[in-house]
Undergrad: 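Here it is, the structure in full.
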Amino acid sequence: MENLDLIDWRMVGFAALWIAGLAVILSALGFAIYHATAQGRRFREEISRPGFAAAINLGLMTFCLGQLGASQAWWETTLWIALAASFGGYVLAALGRLRLEKSL
């Protein structure tokens, strides 16, 4: 148990974030393909729906946060923060559209 300090737990956490982000993106895309096929719609039309857009942008935001931990230069950190914030804004916008759709 004395070798636990050899593992950089911070990097493990950030690696888990970007892997989870990619998993969310892939599962959302796979489900969108299935749903588009089942409903007889085009794939592009399906992923533009608010639920899928929110899931994909959430995955992209999580990926950016995971990459933030691996960045070393100040400009890399700034870039990953800006990208994560922009994808977070897209998530909020998609959730707002989804809420508006549900209320109609």
Side-chain angles (χ1 to χ4, degrees):
M1 294 300 267
E2 64 272 352
N3 291 336
L4 286 179
D5 49 332
L6 296 178
I7 298 174
D8 186 3
W9 291 104
R10 179 182 169 273
M11 289 305 292
V12 170
F14 280 113
L17 274 177
W18 73 260
I19 291 169
L22 290 180
V24 168
I25 294 167
L26 287 174
S27 63
L29 290 175
F31 190 69
I33 290 170
Y34 167 76
H35 201 260
T37 304
Q39 298 294 322
R41 296 186 190 142
R42 295 183 57 208
F43 173 69
R44 181 172 288 195
E45 180 184 332
E46 198 64 34
I47 63 169
S48 66
R49 295 180 65 212
F52 290 117
I56 291 168
N57 285 311
L58 179 68
L60 288 168
M61 183 185 73
T62 307
F63 175 80
C64 290
L65 290 174
Q67 291 300 312
L68 177 65
S71 62
Q72 295 177 353
W74 66 269
W75 60 270
E76 287 177 326
T77 303
T78 305
L79 177 68
W80 288 120
I81 290 172
L83 282 172
S86 67
F87 287 126
Y90 286 132
V91 169
L92 293 177
L95 290 176
R97 284 188 302 155
L98 184 63
R99 189 170 153 198
L100 183 64
E101 254 184 27
K102 297 271 183 183
S103 67
L104 294 177

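Note that the structure is predicted; figures quoted are calculated from it, not measured. Residue indices begin at 1 and follow the sequence shown.
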Undergrad: Applying salt bridge (Lys or Arg N to Asp or Glu O under 4.0 Å), which residue pairs with at least one partner in residues 12-33 are found, sequence neighbours left out?
TA: none
Undergrad: If you group Ile, Leu, Val, Met, Phe, Trp and Tyr whenever their side-chain heavy atoms sit less than 4.5 Å apart, what else falls in with Trp75?
TA: Trp74
Undergrad: Could you give the side-chain donor-acceptor pairs of residues 16-31 under 3.5 Å, partners two or more places apart or in another chain?
TA:
{"unit_1": "Ser27", "atom_1": "OG", "unit_2": "Ala23", "atom_2": "O", "d": "3.0"}
{"unit_1": "Ser27", "atom_1": "OG", "unit_2": "Val24", "atom_2": "O", "d": "3.0"}

Undergrad: Under the rule for side-chain hydrogen bond (donor to acceptor under 3.5 Å, both in side chains), what residues qualify as partners of Glu46, not counting sequence neighbours?
TA: His35, Arg41, Arg49
Undergrad: Counting only heavy atoms not in Phe14 (residues, nucleotides, ligands), do more than 12 fall under 6.0 Å from its CZ?
TA: yes
Undergrad: Do Ile47 and Leu60 belong to the same hydrophobic cluster, where Ile, Leu, Val, Met, Phe, Trp and Tyr are linked whenever their side-chain heavy atoms lie under 4.5 Å apart, directly or via other members?
TA: yes
Undergrad: Go through the structure and list residues passing side-chain contact (heavy atoms from CB on, under 4.5 Å) with Ser71, not counting sequence neighbours.
TA: Leu68, Glu76, Thr77, Trp80
Undergrad: Under a single-linkage definition using a 4.5 Å side-chain heavy-atom cutoff for Ile, Leu, Val, Met, Phe, Trp and Tyr, are Met11 and Ile81 assigned to the same hydrophobic cluster?
TA: no
Undergrad: List for me each residue that meets side-chain contact (heavy atoms from CB on, under 4.5 Å) alongside Leu79, sequence neighbours excluded, and say none if there are none.
TA: Leu83
Undergrad: Around atom OH of Tyr34, are there more than 12 heavy atoms from other residues, nucleotides or ligands closer than 6.0 Å?
TA: no
Undergrad: Using atom types as modelled, flag every donor-acceptor pair under 3.5 Å from a side chain in residues 92-104 to any protein atom, sequence neighbours excluded.
TA:
{"unit_1": "Ser103", "atom_1": "OG", "unit_2": "Leu100", "atom_2": "O", "d": "2.9"}

Undergrad: Sorted by first residue and then second, give each side chain to side chain donor-acceptor pair (under 3.5 Å) pair with at least one member in residues 52-69; sequence neighbours left out.
TA: none
